[in-house]
Asks: 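Structure provided below as structure tokens; questions to follow.
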Amino acid sequence: QQPVQSPQAVILREGEDAVINCSSSKALYSVHWYRQKHGEAPIFLMILLKGGEQKGHDKISASFNEKKQQSSLYLTASQLSYSGTYFCGTAGGSQGNLIFGKGTKLSVKP
Amino acid sequence: SAVISQKPSRDICQRGTSLTIQCQVDSQVTMMFWYRQQPGQSLTLIATANQGSEATYESGFVIDKFPISRPNLTFSTLTVSNMSPEDSSIYLCSASSATNEKLFFGSGTQLSVL
């Protein structure tokens, strides 16, 4: 079942923050986050495996609420390089085959 | 990290023909997957390519239309058979070194069917 991402699109000024949400109607084993720039392959950002797990690097972090079957990606003090489409991918089991959400298009303007 | 080479990068094909896309990983990987992506859309999982056994297909995708091979731990092919314009899309190969590890993606094959 495809996870639901929100919002579909967001426009930011440099330095502003954003939150992207990902929710599923079924129990989740893991949540992955990827960013894809136009014409390029998706790039891995982070994976969350445990309920309540939070991860982050640089100014991008994520949380995973296993009970609520949802994850959120936090982008702090956004930079122009953050522009792109963000996808969450969810795995219902340990096999690792990911089902991706429809994506959130993030545009960061100077 | 794994580097994935995918070819061809793009092709224009005639309706009714078949195209085989190759995916080569520079290291041995446990999991390989094939995705399809329409421009501006999400990634749709076609199948998991299992080494030494038949691929596992997602709902809506069948082996006769999308036969997949995975002869070893570094190589896989996806064939798009009896193509129609509806098959026009970007096809992406991906791999991970273990189950539920991060996915690496190839640069994709942009397929146009006339």
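Throughout, a chain's letter reflects where its sequence line sits, starting with A, and its residues are numbered from 1.
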Asks: How close do E101(B) and H32(A) get, counting heavy atoms only, and between which atoms?
Replies: O-CE1, 3.4 Å

Asks: Please flag which part of I43(A) lies under 4.5 Å from any non-hydrogen atom of chain B: side chain, backbone, both or neither.
Replies: neither

Asks: Give a yes or no on this: more than 12 heavy atoms of other residues, nucleotides or ligands lie within 6.0 Å of atom CD1 of I11(A).
Replies: no

Asks: Would you name the heavy atoms of F87(A) and Q41(B) that are closest together and state the gap between them?
Replies: CZ-O, 3.7 Å

Asks: Find out whether E58(B) and N97(A) are in side-chain contact, i.e. whether some heavy atom of one side chain is under 4.5 Å from a heavy atom of the other.
Replies: yes

Asks: Looking at chain B, which one of P42(A), G103(A), S30(A), G89(A) has the largest number of heavy-atom pairs inside 4.5 Å, strictly under?
Replies: P42(A)

Asks: Please classify the contact of Q5(A) with chain B as side chain, backbone, both or neither, using a heavy-atom distance under 4.5 Å.
Replies: neither

Asks: How close do A41(A) and G106(B) get, heavy atom to heavy atom, and via which atoms?
Replies: CB-O, 3.2 Å

Asks: Using the benzene-type ring in the case of Trp, are the ring centres of F105(B) and F44(A) under 6.0 Å apart?
Replies: no

Asks: Where is the tightest heavy-atom contact between L103(B) and Y34(A), given as atom of each residue plus distance?
Replies: N-OH, 2.8 Å

Asks: Distance-only criterion, 3.5 Å: show the donor-acceptor pairs between side-chain atoms of residues 42-54 of chain B and protein atoms not counting sequence neighbours.
Replies:
| residue | atom | partner | partner atom | Å |
| --- | --- | --- | --- | --- |
| S42(B) | OG | G101(A) | O | 2.5 |
| N50(B) | ND2 | E54(B) | O | 2.9 |
| N50(B) | ND2 | T56(B) | OG1 | 2.9 |

Asks: Considering residues, nucleotides and ligands other than K68(A), do more than 12 of their heavy atoms fall under 6.0 Å from its NZ?
Replies: no

Asks: Using non-hydrogen atoms and a 4.5 Å limit, figure out which bit of F104(B) sits close to chain A: side chain, backbone, both or neither.
Replies: neither

Asks: When you group the ILVMFWY residues by side-chain heavy-atom contacts below 4.5 Å and let the links chain together, are M31(B) and F100(A) in the same group?
Replies: yes

Asks: Can you check whether M46(A) reaches K102(B) side chain to side chain, under 4.5 Å on heavy atoms?
Replies: no

Asks: For I12(B), is the CD1 atom crowded, meaning more than 12 foreign heavy atoms sit under 6.0 Å from it?
Replies: no

Asks: With a 6.0 Å cut-off (strictly less than), is the heavy-atom count around NZ of K65(B), excluding the residue itself, greater than 12?
Replies: yes

Asks: Non-hydrogen atoms of chain A under 4.5 Å away: do they reach the side chain of Q110(B), the backbone, both or neither?
Replies: neither

